[in-house]
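Worksheet: one structure, shown below.
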Amino acid sequence: MAAPGAFYITTPIYYVNDVPHIGHAYTSLACDVMARFHRLDGRRVMFLSGTDEHGQKVEKSAEAAGMDPQAFCDRVSQNFRDLSGLMGYSNDDFIRTTEERHTRACQALWRAVIAAGNDDIYLGKYAGWYSVRDEAFYGEDELVDSPAGKRAPSGAPVEWVEEPSYFFRLSAWQDRLLAFYDANPDFILPPARRNEVMSFVKSGLRDLSISRTSFKWGIPVPDAPGHIMYVWFDALTNYITAVGYPDTASAAFTTFWPATHIVGKDILRFHAVYWPAFLMAAGVAPPARVFAHGWWTVEGQKMSKSLGNFIPPHELVAKYGLDPVRYFVLRELPFGADGDFSHRAVINRLNGDLANDLGNLVQRVLSFIAKNGDGQVPNPGALAPEDEKLLGASAALHATTRARVDRQELHTALEEIWRVIGDANRYVDAQAPWTLRKTDPARMATVLYALTDAIRRIAIVLQPFMPTAAGRILDQLAVPTGTARQLAAMGGEPKLVPGTALPKPEGVFPRYVEASA
RNA sequence: GGCGGGAUAGCUCAGUGGUAGAGCAGAGGAAUCAUAAUCCUUUGGUCGGGGGUUCAAAUCCCUCUCCCGCUACCA
C-alpha cells in the first residue's frame, strides 16, 4: 500500500523513435493536471514520465543514422524532454529505459518471478511467419495464398522461423486476474474499457514471449546469454524502477507504489493484463489504476503519417498560448472518449470560456475596484444571503473538483468551475455595483469583496489546469504564494485582507482575433 | 463472425418509468462595471424505425437499420 496522502501518477514511456505530437502532449498534460491538483491538495506526489529506448526499430534507426544506439537515444529522447518544458509539465522524474537503474530493476523483477518458484517463466520457442523484406512477423490468418506459396499482405515472401524464447505463463493467470478485477472495480477506467479487458481475459490467455535472440538492443536476460528482454517486460517495469525497485523497502517505493497509470487505449491491455500479472508473479503489488483515454482527430480526420496532419505541440502553443491549449484539450473532450481538434473549436473555447466568461469576469471586477475602490481589497460589511451563496459555491469547488479528478474526469471538473464562474457573472449583474456606488457604497464594498474572494477561490482551483494564468489572477489579487494558494485556502484562512493594495489589473485571457482576410 | 457500447434540439452531449434538458450556435430584449464582454427571454426535438409491457417509456422487453470499440505478442 502506498502511504496515506501519497499519489503516484505515470505517463506511458514514449517510444523514442516517435516524433512528439498532440497525442503525447495530451496524455502527459492530463497527468500533469492530476499531479498538480494533488500537490495543491496537500498530498505527496510522484509524477513520472520517460522514454522507451530499446527494441529492434531503435537499433535499426541508429544504424541508419550511423550512430551508436545509445548516442542515438540520447539525441532523440531529448525531443520528449523538450516537450515537458514546452508544456509546463511538472514531472518529478524522467526515466529512460537505457539507464542503469532500469536494467537493474528489470533483471531483479525477472529473477523475482523465477524465485517465486511457480515456473511462470520458462524457456520455449518463439515461432511464426516472418518476412525478411518487411522485417515483420505475420499471423497465420494474415497470410495470403499465392501460386508461389504463402505471402505477407504486402506480397512479400514469408518463411517459418523459430528462435528460442523465454515465455511468461500468462495462461495460468486468468482466474487470478479476473479475481483482481472483481475485487477492484475501479482498477480499469473508464468502465467500458474495463468490460473490454475483462472479456478479453475471459476469452482465454496465451503465454507471452518475453525474450528475443534476434537482436541485441535490449536488457540482457539474467543467466541467459544471447537473450534480451522483449519490449513489454522491459518497458512496463519502468514504473517501479523509478520508485527504487528492487529496493521495495525504500522510502520512494513504500511511499508511492502502487501507481495510477494513464495510457492511450492502444496500450491498455498491456497495462491492465500483462503488467499486473508480471507483478503478482514477482510478489509485487499490482498498480492502483489504469486509465485509458481516447484519440484526437484533427479537423475531423484521423492523425496519420500519410495525411501529414500531426500537430506539433509547439505550433499550438505559439499560436494560442500555453494555458489556452491546456484548457482546450482538457475541456473539449470527455477524458476517455475520442475528440476532435479543430481550429474553430479552439477559438470558441478560447474566446467563449476563457476571454468572455472568466477573463472578462476578472477584468470587470478588478478594474471596477481599481477605479472605484481605491485599488485595494474592499472592506466588507455583513454578508447577505446571496453573498454567502456565491462564496459557498466557490468554496465547494474544492470538494467537487477533487471528486472529479479522483476519477480522471477532468472535463467535468472544469464544467463545475465554469458553473461558478457563471454564478459570479450573474451575481455581478444582479448586484450592479455601478449602481451601488451611488446609492450604497458600503454595500458596494461588500459585493466587491465577495467577488474578489470568489475569484480567488476560482483561481486557486484553476491552478492545476492553467498554472500561469491562474497564478497571474492570484497575483492581481495580491494572494501570496505558498499556503495561501493551496486548495485548502479555498475554504477559509487565509482570506483576502481588506485594505491590501492591489496591482493594476491586466487582462489574462485576450480574445483570439482571426487574422483578417 | 463473437462480445460490448451508442443512435436525444443546427453542433457537442446529459438525462434508466411520471408533463423533454445543458453548453455552443440562431432570434429578441436589458444593462453599460468590463476584453463589442455580461445578463434576461426565446426559436428549435414524432428522444434512429417498428412492435410490446404499463395508468404512464428517451428510460423496461422484442425486432430492424446504421455507427463505434474489443477480438494478443504491430513500439
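Proteins get letters first, then strands, A, B, ... in listed order; numbering begins at 1 in each.
Residue contacts shown for Arg269(A) are limited to sugar-phosphate atoms, with no base heavy atom under 4.0 Å away. When heavy atoms are screened at a 4.0 angstrom cut-off, Gly352(A) is found touching no nucleic acid atom at all. Across all strands shown, Ser203(A) has no heavy atoms under 4.0 Å from either base or sugar-phosphate atoms. Val201(A) comes within 4.0 angstrom of no nucleic acid atom, judged by non-hydrogen atoms across all strands. Note on Ile267(A): a base of the nucleic acid sits closer than 4.0 angstrom, heavy atoms only. The residue Lys371(A) sits close only to the backbone: its heavy atoms come under 4.0 Å of sugar-phosphate atoms, none of a base. Within 4.0 Å (heavy atoms only), Leu366(A) reaches no atom of the nucleic acid at all. Among the protein residues, Arg206(A) comes within range of the nucleic acid bases, having at least one heavy atom under 4.0 Å from a base atom. At the heavy-atom level, Ala192(A) lies nowhere under 4.0 Å from the strands shown.
Looking at Phe291(A) and Ile188(A), their side chains never come closer than 4.5 Å, going by heavy atoms from C-beta outward.
In this structure, Trp110(A) and Phe233(A) have perpendicular ring planes: the angle between them is above 60°, well past the 30° mark.
Taking the C1' atoms as reference points, rA20(B) lies 15 Å from rC13(B), given to the whole Å.
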